[in-house]
Structures are given as C-alpha cells and as structure tokens.
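All heavy atoms count here, side chains included; hydrogens, waters and symmetry mates do not.
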Amino acid sequence: MFARLLDSFVHLNRPDDTLLQFVFIENDDVLHINDVVKNFAGKLGQEETVYADIEPRLGIPVVRNRILDTALNLQSNCLASIDDDEIADPNWLVELYSEAQNRKLDMMGGVTRMEEFDASNLPIFQKLVYHDLRARQEKSERQSADRHASGRDGAIKIATGNMLCRLDFIRRNQIRFDETLRFSHGEDHDFYLQVKDAGGATGYAPRALVHEIVHMNRLSPRFQFNLSRNVARASYNVRYAQNKRRASREWVRSSCFVLGKVVLGCSRLLCSCFNRGRSFVRGIKGIAAAIGRLEAMLGAQDVHYKHTDGH
C-alpha cells in the first residue's frame, strides 16, 4: 500500500510556484521503508527532497509530531498530510493548496473515498459492510459539498488523512498533536479543535480527492463493531475526559445518547430482517457506539491502535 501511495506522488500535479519536500516517519526501531523511499526519490525532480527516519516511541500522535517538527525545521510554509493506506488523485495537492490560498485558510480538508472494486463475490456480511461504508461516504461527501457551496464548510471536521495547514499559524499558536492519545483515535480531531480554538479559518476542498485502500479484514462486522465502539470512546475522551466539570454537566446528555443509540441500533437490526440486511451494519454500529460512550463515561480509554494487524 505504501508503494502505491508513493507512485501516486510521482504523478501529482504540482501547484505553481511551490517546491515539495516529502517527509516519511516510520514508527519502529528500524527503517524498513528505506529502499522503497530511495526508489521513489529517484523519480522526482532534482529540486525536490525526501526525508525518511524512524520514531521508536510507539503511537500515532508521536509520529505526527515528528512529521510536524520536521516540516517546521525545514522552514516549510505548509504541511499537507495523507495516510499511508491512501492514493492521491493527480490534482489532490493543487486543489488543497489553491483553495487554501484563494480563501486565506489556515487549515484545509478534502474528500476521502473508498477505492472501488467488484464486491459481488464477497461473502454476504463483508458485502453488507462494503455497501454501508460506500453509502455513508457518498452521503457525507454530498453534505460537505452542499456546505462548501453555501459557505458553511468551516464547520466540517478535518482529518489528517487529507489535510493541509499553514505552518506559520501552527507555530504561532504552538499547536501539537496530543501524545496522551498514543493508541487512540481522535488525535487529528483534537488537532482540528485546537486550530478552531485558536481562531483558525478552516474549510473544505470538494475536488481534493484521495482514495482509501480497504483491506478485506476491515470489511468484517466484528472489525466495524470494535471500530465504532473505540471511536465513541475516543470522541468522548477528547471532548470531556480532560474537563471533569464539563463531563459532569454532560452526564444527562451522554446517558440519553447511550439510550438513543441502543434503541436505534436494535430497531435497525430488527428492520434488517425485512430490508435484505441494508440496516444491519448501521444497527451494530449504533449499539457499539452506545457501549463505547458508556465505557468512556466510566473511565475506559480507546486503545484501538495498541495492537495492529499491519493493514
């Protein structure tokens, strides 16, 4: 997957009057990606540089901070971010950068789509998950495009899988990824909230497209249940865990959230018996979200990335 990402970088259209510097940080004690990165560097223009290193301290926000520090030390003006299981559209960077420049934005997000493939031969439950994920992505993309068209895209949450930010704003406001969320989701949501709290202008680029490579093990109902539960844990902890007073005020609302998700999830599971399973995945996700929120209210932490499967 990483090699496919690098190949998409080779074919990127470069924004006018920019010079690209590529930064890759491997979260390990040994640099395993050196050969593939060297091969990639040999395909670039002479003025473009590639930096690769290791970060032995495990944890996604730790690595993101290393990347951030490297970009700051290189005196870069902007940092664009993409996940290593994604493929960039040729115009991805041009669209992000031009939208940010034209609107004078401090942080910019784009569109992430699942890579399309023939799902007709998948087992029934994997097929249900695939179609649910596609439907939810398409709905989110339509809603985001509508917000952009009406000038309301400043409220769209931005994730690091498709993001560009101005480093002078990040440096001036001392914004960092929260390393207490080492094995959790939510470090990029927290980063986005820090930008908003500092008065940053954010927005959405509806044509800045990346495709996500989806491994088959992520199409299982069990994986989606665990993912939804852990995301609900992380969302609550990012919002309330560090503010006990706010958490106590939100107890009633969170309890209603749990009850509502259980009722809705069970209803969707029941309806799936009559709609050819179309609501099955949303049903299990709703119940998982209720369990995750309740666990977080009782002090549980999200450790989704403590043990990874290499995908």
Side-chain angles (χ1 to χ4, degrees), residues 59-61 64 107 109 112 129 132-133 135-137 139-140 143-144 147 152-161 163 175-200 202 204 218 220-272 279-307:
I60 292 176
R64 296 207 196 282
M107 190 176 190
T112 302
V129 171
D132 177 77
L133 293 176
R136 290 171 67 87
Q137 278 190 352
K139 179 180 178 181
S140 175
Q143 291 174 339
S144 296
R147 287 185 175 185
R152 297 178 293 113
D153 56 322
I156 296 175
K157 298 175 184 177
I158 299 172
T160 46
M163 179 271 286
I175 296 173
R176 307 280 294 170
F177 290 95
D178 184 355
E179 295 188 6
T180 66
L181 303 171
R182 288 181 65 185
F183 305 112
S184 170
H185 295 87
E187 86 290 336
D188 50 355
H189 184 207
D190 177 75
F191 189 84
Y192 161 77
L193 292 176
Q194 290 183 62
V195 170
K196 298 295 284 188
D197 289 343
T202 66
Y204 174 78
R218 296 190 176 185
S220 72
R222 179 179 180 179
F223 180 90
Q224 294 299 320
F225 179 93
N226 290 333
L227 177 64
S228 297
R229 182 196 63 197
N230 291 333
V231 167
R233 284 183 184 177
S235 177
Y236 180 88
N237 287 326
V238 167
R239 291 182 181 179
Y240 309 123
Q242 296 180 1
N243 189 330
K244 301 299 183 182
R245 183 177 297 177
R246 185 181 179 192
S248 64
R249 292 199 304 266
E250 294 291 331
W251 185 266
V252 174
R253 182 182 299 180
S254 292
S255 299
C256 292
F257 172 91
V258 170
L259 181 60
K261 285 291 186 180
V262 168
V263 172
L264 185 60
C266 290
S267 299
R268 284 172 169 168
L269 285 178
L270 181 61
C271 289
S272 70
S279 61
F280 173 77
V281 177
R282 286 189 293 168
I284 64 172
K285 284 184 174 182
I287 295 173
I291 293 172
R293 174 66 69 93
L294 181 60
E295 289 174 335
M297 291 165 63
L298 298 175
Q301 300 294 315
D302 170 29
V303 289
H304 184 81
Y305 293 108
K306 193 165 187 177
H307 302 286

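Note: Ser184 OG to His189 NE2 = 12.0 Å, rounded to the nearest 0.5 Å. Between the CG atom of Leu269 and the SG atom of Cys271 there is a distance of 9.5 Å, given to the nearest 0.5 Å. Rounded to the nearest 0.5 Å, atoms CZ (Arg182) and CD (Glu187) are 13.0 Å apart. Distance CZ/Phe280 to CD/Gln224: 11.0 Å, rounded to 0.5 Å.
Annotation: side chain of Val238 is in contact with side chain of Leu193 (closest heavy-atom distance under 4.5 Å).
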- [ ] Apply side chain to side chain contact (heavy atoms under 4.5 Å, CB included) to the pair Lys285 and Asp132, showing each step before the final yes or no.
- [x] CA-CA 11 Å; Lys285 284 184 174 182; Asp132 177 77; 3.5 Å; yes

- [ ] Go through the steps to decide whether Leu133 and Arg218 satisfy the test side chain to side chain contact (heavy atoms under 4.5 Å, CB included), and finish with yes or no.
- [x] CA-CA 11 Å; Leu133 293 176; Arg218 296 190 176 185; over 6 Å; no

Task: Worked check of side chain to side chain contact (heavy atoms under 4.5 Å, CB included) between Ile60 and Thr160 - done: CA-CA 11 Å; Ile60 292 176; Thr160 46; over 6 Å; no

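Scanning both residues, Asp188 and Ala159, for their nearest heavy atoms gives OD2-CB, 3.4 Å. Residues Tyr192 and Ile156 share a closest heavy-atom pair of OH-O, 3.4 Å. For Phe191 against Met107, the heavy-atom pair with the smallest separation is CD2-CE, 3.8 Å.
Side chain of Ser279 to backbone of Ser272: a donor-acceptor contact under 3.5 angstrom is found. Within the 3.5 Å criterion, the main-chain N or O of Gly154 finds a donor-acceptor partner in the side chain of Lys196. Without hydrogens or angle criteria, Ser267 side chain to Val263 main chain gives a donor-acceptor distance under 3.5 Å.
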Compile the donor-acceptor pairs under 3.5 Å between side chains in residues 286-296 and protein atoms, sequence neighbours left out, one pair per line.
residue, atom, partner, partner atom, Å
Arg293, NH1, Ser254, OG, 3.1
Glu295, OE1, Arg233, NE, 2.8
Glu295, OE1, Arg233, NH2, 2.9

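Listed by first then second residue, pairs satisfying salt bridge (charged side-chain N to carboxylate O under 4.0 Å, His left out) with a partner in residues 253-267 read Glu250-Arg253, not counting sequence neighbours.
Annotation: side-chain hydrogen bond (donor to acceptor under 3.5 Å, both in side chains) contacts of Gln194 (sequence neighbours excluded): Asp190.
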